[in-house]
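Working notes, beginning with the structure itself.
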Amino acid sequence: MLAGVAGADDDLNWVDRDTMTSLPPVQQRPIPVWCSGIYYNPSVGVPADQSDIIITADSTSLTEDGLINMDGEVLIERPGRRLTSQSALLDQSSGKFEVANSLRLETDQFTFIADGMSGQTQRREASLNRVRYALFGPGARGTAEHIDLVDNFTTIEQGTYTTCAPGSNGWELGGRQIRLDREKGWGEARDVTLRVKGMPLLWLPWITFPIDERRKTGLLFPTISTSDSGGVDLTQPIYINIHPQMDATIAPRHIDGRGSGVEGEFRYLSDLGQGRLSYGVLFNDSEFDGENRELAAWQHDGSVGRWALTSDVNYVSDDFYFKDLDTGLEVSSRTHLPRLGQARYFGRDWRALARLQSWQTIDPTLPDDQLPYRRLPQLQLSGDPELLGPVRGLWLSDVTAFDRSDKDTSNNPTGARVHLAPGLAVRMEESWGYVEPQARLYHNRYQLDDAETSASDATLSTWGASVDSGLFLERETNLFGRGYTQTLEPRLFINKLAYEQQDQLPNFDSGELTFSYNTLFRQNRFIGYDRFGDEEKASLGLTSRFLRNADGREQLRLRLGQGFYRGERKVQLDGEPPDDADQTPMVADMRWNFGHDWYLYTEGQWDTHANERQRSSMRLGYTDRERRVFNLAFHDRPADDIRQSEIAAILPIHNNWRLVGRWLYDYENQRTVETLAGAEWRNCCWKIRLLSQRELTDEDGDTTLEADTTVLLQIQMTGLGGFGGRVDSLLERSIPGYRSEYD
């Protein structure tokens, strides 16, 4: 075995695929598909400090003063370490040793081949001359005139360093001194020349680089991009490792034709949770009347006992920030930027919520009367305590003060609302089915600002009752030679919510959900607490699942449902007339997890009264959780004039090559909304990605969409870092599952 591994390419314990598969299964290690091999030495065993040292040689002599002279096929080894040479000299009294000829030093972490070595065993020190080496952890190799080994420090004099495979000269660092600190996980080099394909590319007086996954303060590689609207965009990030639980990144930025600025991000982890603070500024933007452009954000998630703490606070200086200035900070571009701080309590029977919430609207086309309300504050208590046997109490109380921006000109009302919804529920359940009747009272009281006396203290009271019931039937079946358990789960939901006139009341937060299978079984067809949708409805649903007997995995799920009304629904939003339809559309959906990595989800809605399709969607997805991702989707909503298709994929065409693409097409307007195309090439020492994105954007805020093209290049040298980091964030947004390989 030793001969097979040691005789591998470059004799530095580089193990290729064929050699790895010839090893016993317990000794085999995975090799990334983009690499031809790894550095690995299974023959030296696992280190053991208390084990004996075994010395063998053709001849050995011992002098009176304790000198041991070994000649001919010298082998000195202990678990995890081995030295082979033709001769060696050891002083037993002092622990000093010397090897004056060629040698091979091997451990489970590195291999050194040198012309000579000396050192001291008790202090675990060694010096080697004219060395070729391999470091297994970072997968690195190189040469050196001289190497010093002292505990966890490796100092390389007049040496080279690369993570490229043997025989490759993709990139190589050459330095007067390279110092590797295995305890801290970082290396530093002085008087450094970076060579690419043997040609000098860059000289630096000093550089630090990682040799494992740990972090260290230092200069990161720059981000470079170009677009039709923004020109060349250059950002140079500087990483600051403040504490094991705190770090920061400061990134000076320059955009050609606009100006210069800086971006910063601070991350922390504490007993209260984890979070990040972000800030970016572009000074005196010449394309924006010389104004400063700013972005700030704070996100936090944590807990204290049973309390969950969350904050999400965002700010931009103007409505066009995200359209004009792409950013590496983790702040999403949305129509409304949230400003949220909340605490949630989760008890056994009771739950509580305290929330402050407002929004910054960054869509200049939205009129004031469509802007969301601020909650300053919202306090809520809910629970379902046990009362007697299967009888449970239901409680929901919510007190919220609603406000609007000082710049609001819509004359929409503001004020406070108290919402109470007490009730009772009885859950009677067996293994084969359940019945759950519920009854609730609903009461709202408003205290409105600047309202007439008769309307300032408005109230609303109504009631509702429902019965939810279902059966669980199952049978054993066989499909395609495999055993399954098939379930049949019929469900009947009967609901009544009494009518009360509500047009005179404000609507702070109520809206109507998009119709789907799950909305058939709601007690209130509106979300929020300002509107209670009167109805008398019976909903029928049927679910069937196919569960694999071998592992319990759900292979197929089919659902079908429809609701039937008695009378019309008078309560509507935005002054719409009453709805007198006697039934909902029939809705059906399916999720099929076929194969191991594929799934198909499809949904359709059919108006059985008008005998026409109302909505349909389909998504076909695949991911092997390593290198391949595929998504094909189609959405058709005739009522909203939406017919769109989407294709997104990451497709390996070779061990080293992958293609990346996304195409979003609007059939209604017969135009491409967005395209993303690119390629990635990767091996043991390089990763290069080139992407081109073309999307329709509203640059001027006048609802006129124009095409904008951005080209991004990312180059990473394995073991050193890379530049072009915004490629990652773009692919994460565009192609679900992209990061699974690198997490």
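Residues take their numbers from the sequence shown, with the count starting at 1. A quick note: this is a predicted structure, and the numbers were derived from the prediction, not measured.
Counting heavy atoms of neighbouring residues, nucleotides and ligands inside a 6.0 Å radius, atom CD1 of Ile250 does not exceed 12 of them. Counting non-hydrogen atoms of neighbouring residues, nucleotides and ligands closer than 6.0 angstrom, the CD atom of Gln28 exceeds 12 such neighbours.
Using a 30° and 60° split on the angle between ring planes, Trp663 and Tyr665 fall in the tilted class, from 30° to 60°. Aromatic ring pairs are classed by plane angle as parallel below 30°, tilted from 30° to 60° and perpendicular above 60°; the pair Tyr161 and Trp171 is tilted.
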Test side-chain contact (heavy atoms from CB on, under 4.5 Å) on Ile31 and Arg29; report intermediate values, then the result. CA-CA 7 Å; Ile31 298 176; Arg29 298 293 183 269; over 6 Å; no
Criterion side chain to side chain donor-acceptor pair (under 3.5 Å) on Asp312 and Gln299, from CA distance to verdict: CA-CA 5 Å; Asp312 186 7; Gln299 286 88 30; 3.2 Å; yes
Take Arg276 and Glu265 through the test salt bridge (Lys or Arg N to Asp or Glu O under 4.0 Å) and record every step on the way to the result. CA-CA 7 Å; Arg276 70 177 72 235; Glu265 186 172 77; 3.3 Å; yes
Would you sort out whether Glu476 and Thr485 count as a side chain to side chain donor-acceptor pair (under 3.5 Å), showing the intermediate values? CA-CA 5 Å; Glu476 299 297 317; Thr485 298; 3.0 Å; yes
List the steps and the verdict of side chain to side chain donor-acceptor pair (under 3.5 Å) for Ser260 and His254. CA-CA 4 Å; Ser260 300; His254 177 76; 2.8 Å; yes
Run the side-chain contact (heavy atoms from CB on, under 4.5 Å) check on Glu680 and Lys687 step by step: do they pass? CA-CA 7 Å; Glu680 174 187 283; Lys687 183 167 71 172; 4.2 Å; yes
Run the numbers on Gln562 and Thr608 for side-chain contact (heavy atoms from CB on, under 4.5 Å), then give the verdict. CA-CA 10 Å; Gln562 189 172 15; Thr608 54; 3.0 Å; yes
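A donor-acceptor pair is defined here as one N or O able to donate and one able to accept, closer than 3.5 Å; such a pair exists between the side chain of Thr584 and the backbone of Gly563. Arg17 places a side-chain N or O within donor-acceptor distance of the main-chain N or O of Val33, the cut-off being under 3.5 Å. Between the side chain of Thr162 and the backbone N or O of Cys164, at least one donor-acceptor pair lies under 3.5 Å. A distance-only check finds no donor-acceptor pair linking the side chain of Asp597 to the backbone of Tyr622 [under 3.5 Å].
Scanning both residues, His300 and Tyr268, for their nearest heavy atoms gives ND1-OH, 2.7 Å. The shortest heavy-atom contact between Leu676 and Gln693 is CD1-CB, 3.8 Å. Closest approach of Ala251 and Thr235 over heavy atoms only: CB-CG2, 3.5 Å. In terms of heavy atoms, Ala165 sits closest to Arg141 at O-NH2, 3.0 Å. Taking each heavy atom of Thr21 and Asp18 in turn, the nearest pair found is OG1-O, 2.8 Å. When all heavy atoms are compared, the tightest approach of Gly678 to Leu691 is CA-CD2, 3.5 Å.
Annotation: the span from Ser168 atom OG to Trp686 atom CH2 amounts to 9.5 Å, rounded to 0.5 Å. For the atom pair Ser317 OG and Leu282 CG, the distance stands at 9.0 Å (nearest 0.5 Å). Distance check: Leu664 CG to Arg671 CZ gives 10.5 Å after rounding to the nearest 0.5 Å. Atoms CG and CD1, on Asn13 and Ile38 in that order, are 11.0 Å from each other to the nearest 0.5 Å. Atoms CG and OG1, on Leu558 and Thr602 in that order, are 11.0 Å from each other to the nearest 0.5 Å. Between Tyr321 atom OH and Glu294 atom CD the span is 9.0 Å, to the nearest 0.5 Å.
Taking the charged nitrogens against the carboxylate oxygens, Asp636 and Arg615 have no contact shorter than 4.0 Å, which rules out a salt bridge. Between Arg662 and Glu646 there is a salt bridge, since at least one side-chain N of the basic residue sits less than 4.0 Å from a carboxylate O of the acidic one. Ion pair Arg258/Glu287 not flagged as a salt bridge, since none of the NZ, NE, NH1 or NH2 atoms sits closer than 4.0 Å to an Asp/Glu carboxylate oxygen.
Figure legend: Arg293 and Phe288 shown as a cation-pi pair, the cationic atom lying under 6.0 angstrom from the six-membered ring centre and within 45 degrees of its axis. Geometrically, Arg548 does not engage Tyr484 in a cation-pi contact, judged by NZ or CZ lying under 6.0 Å from the ring centre and within 45° of the ring axis. The side-chain tip of Arg613 does not point at the ring of Trp606 from less than 6.0 angstrom away and within 45° of straight on.
Between Tyr279 and Leu295, the closest side-chain pair of non-hydrogen atoms is not below 4.5 Å. Two residues are said to be in side-chain contact when any heavy atoms from C-beta on lie closer than 4.5 Å; Asp16 and Ser36 fail this criterion. Looking at heavy atoms from C-beta onward, Val313 lies in side-chain contact with Trp298 at the 4.5 angstrom threshold. Side chains of Arg522 and Leu513 form a contact here, defined as non-hydrogen atoms less than 4.5 Å apart. Between Leu600 and Arg591 there is no side-chain heavy-atom pair separated by less than 4.5 Å. Residues Leu690 and Val711 have side chains in contact (heavy-atom distance under 4.5 Å, counting atoms from C-beta outward). Taking 4.5 Å as the limit, every side-chain heavy atom of Gln614 sits out of range of all side-chain heavy atoms of Pro638. Side-chain contact between Ile362 and Phe320: absent, with no pair of heavy atoms (C-beta onward) separated by less than 4.5 Å.
Arg545 meets the side chain to side chain contact (heavy atoms under 4.5 Å, CB included) test with Thr487, Glu489, Thr543, Leu547, Glu554, Arg557; sequence neighbours excluded.
Between Tyr599 and Tyr601, the distance from one ring center to the other does not fall under 6.0 angstrom.
With 3.5 Å as the limit, one finds no donor-acceptor pair spanning the side chains of His635 and Ser617.
Remark: Cys684 SG to Cys35 SG, distance under 2.5 Å.
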